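Just so it is clear, the model here is predicted, and its values are computed rather than measured.
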Amino acid sequence: MAKLTPLGKGAVTVTILCVVGAAAWHFALKDMLSGGTVATDGGGAFATPTGGGGGGGAGPGPASGALGTDGNPLRVSIVEFTGYAPALVANGGQLKTQPGSAFDRQGLSVEFLIQNDVPTLATGFGSGTFQCAWRTIDFWAQEQPGLRAGGFDGTMVMVVDNTRGADMLVADTGIGRVEDLLGKKVALVQFTPSHWMLDYAIDNSALLAPQKKALRNNLVFVGADEGTPGVRAMFESGAVQAAVLWDPDASLALRKPGAHVVFSTSTATSLVYDGIVCDSRVVAQHPEVVQRLVAGWFEGVGLAEADAGKAIDALTATEPSFADLEKKEGREFIAGLFKSIKWTDLDDNVRILGLNTGDGGDFARVYSEAGKVWRANGGIADPSVPPIPPMAAVDTRFVEALVAKKPEAKAEAAKPEFTFDPKERQAVVTPKAAPVLTKPVAVFFASGSGKLDRNAQRILDDQVAPLVQSMGNAYISVEGNTDVKGSAATNRRLSQERAQAVVDYLVANYAFDRARFNVAGNGPDKPVCSEPGEECLERNRRTDVAVYAR
């Protein structure tokens, strides 16, 4: 996930301080604190910062000339992470645009700022230190409400990577499912995208509400100054039984004897995305600059994919942690990290942004769901600030302009990312195999009926379809369950019909591959409650949606 950096990246305070920081900058403190001025008249020099790199060393000097030129480069704040390798390659392997590079060919001068302490967007936009910055979609859902409330705003202009295993929940022997975390100590850096991954898994697990609360209360938060190295140290020492990490520390943590992956973005492939957010004033006043940024970055994706060595060279030349990693672990280790990240190109952006379907795609889903999760679990500094609709948080014009030049991108985006096979499903979904998590859903049917009513369809739309979409590389088992009333044989037949109705609806309405789904009717054979009373019987009348990693 676009992290806060392999070393110290977890500057979670960004979110907590967002509203306060934005307000402070808005009420003219920005001039006193930054010593710079901000131009908003649409002139050639958008900002004239006079220092304060927000953690990236000395700040940029006074700007001269139009934005995106050598005297006034577009400044983009990033952290040390494999997901940004294509941008560095597009810049000629350096932080500043090199002659003959992809960005240079676009007629754009870019300066990337390595800011591992992750300054708030209000800080960067207000001081003019940078005009664009990395944010994961879930992170953006945290920060934008406070940013806008403080008088600033931004918009995501492209998606640059998708973690496919770079974020992991790693655990000791004996912890095989998310539900097994109950009563265990889990270390992590709070309010990071990896934290979002864990929260999502907890929310979609079979744990009851009090159990979810108890699990969250038992989480061990490591300070942002220690970051994932601190999380890994706690796990390796035995101080905690599980850890939520991102690469490279996640891969290094797996070297502990008995350590294994319980849940990761290799299964939840559509959950953590990095994008670039630009100051809305820049987008309005200099759209041609933003367009060149998007085009050059996508060109960098192609260059990095064609030559992994260039990507490694760019990382080790510009990011100290990767230079150190190369010395300690070697280039092959860094190349291995690339396998758990997908650099997203134009085709991917069409799919992720839902340009074929017009529904906002994975961007809208993740932004909406993350916003709800953060509000419920304390990730929004001021919950009274109203949420922002997903499509008001992204500007797809720049991707669409490139699609107009390459219309075949829409056809490529429509192709399935993963293929599924019934034989493989039978080998993965077995009675002895444990799902990584199981989500019980109350899908109600009329007595004796296997037909979904509108209320049942709404529940599937709200609770089940998003889960299946998020777990893009997983097999899904849908199991119908009943209480003990009536004939066991009749209940098994009816529960099978109901589970099949659920799968039929999902396949018909969301174009899911039918080969992904296992269908089972358990009747009363798998109760989750054995106490007397109607409440217990109701818990047993459920549909279990179980996620199996490949």
Hey, does [Y] have a side-chain heavy atom less than 4.5 Å from the side chain of [X]?
{"X": "Met471", "Y": "Phe263", "result": "yes"}
{"X": "Leu181", "Y": "Leu169", "result": "yes"}
{"X": "Thr267", "Y": "Tyr548", "result": "no"}
{"X": "Phe418", "Y": "Asp513", "result": "no"}
{"X": "Val231", "Y": "Asp249", "result": "no"}
{"X": "Arg516", "Y": "Val468", "result": "yes"}
{"X": "Glu329", "Y": "Ser251", "result": "no"}
{"X": "Val394", "Y": "Trp140", "result": "no"}

* Asked: According to the interplanar angle, ranging from 0 to 90°, do the rings of Tyr84 and Phe81 count as parallel (below 30°), tilted (30 to 60°) or perpendicular (above 60°)?
  ->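 The arrangement is perpendicular - the two ring planes meet at more than 60°.
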* Where does the angle between the aromatic ring planes of Phe191 and Trp374 fall among parallel (under 30°), tilted (30 to 60°) and perpendicular (over 60°)? ->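 Phe191 vs Trp374 ring planes: perpendicular.
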* State whether a side-chain donor-acceptor pair under 3.5 Å links Ser266 with Ser264. =>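 Yes - a donor-acceptor pair under 3.5 Å links their side chains.
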* State whether a side-chain donor-acceptor pair under 3.5 Å links Lys410 with Asn356. =>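 Not at all, the side chains of Lys410 and Asn356 share no donor-acceptor pair under 3.5 Å.
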* Asked: Got a second to check how far Leu402's CG is from Leu346's CG, nearest 0.5 Å?
  ->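 It is 5.5 Å, given to the nearest 0.5 Å.
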* Measuring from Asn349:CG to Thr396:OG1, what's the distance to the nearest 0.5 Å? ->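 Spacing of CG (Asn349) from OG1 (Thr396) equals 10.0 Å.
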May I ask you to say whether [X] pairs ionically with [Y], meaning some side-chain N is under 4.0 Å from a carboxylate O?
{"X": "Glu417", "Y": "Lys342", "result": "no"}
{"X": "Arg216", "Y": "Asp203", "result": "yes"}
{"X": "Arg458", "Y": "Asp461", "result": "no"}
{"X": "Arg365", "Y": "Asp359", "result": "no"}

* To do: May I ask you to decide if Lys339's main-chain N or O and Arg164's side chain share a donor-acceptor pair within less than 3.5 Å?
  =>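 Absent.
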* So, the side chain of His260 versus the backbone of Ala171: is there a donor-acceptor pair under 3.5 Å, distance only? ->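 Such a contact is found between His260 side chain and Ala171 backbone.
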* Would you confirm whether the ring centroid of Tyr273 sits within less than 6.0 angstrom of the ring centroid of Phe363? =>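 Centroid separation for Phe363 and Tyr273: 6.0 Å or greater.
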* Among residues two or more places apart or on two chains, list those pairs meeting ring pair (Phe, Tyr, Trp, His ring centres under 6.0 Å) that have a residue in residues 341-362. =>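 Output for this query lists Phe338-Trp343.
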* Between Val519 and Ala499, what is the shortest heavy-atom contact and its length? ->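 For Val519 versus Ala499, the nearest heavy atoms are CG1-CB, 3.7 Å.
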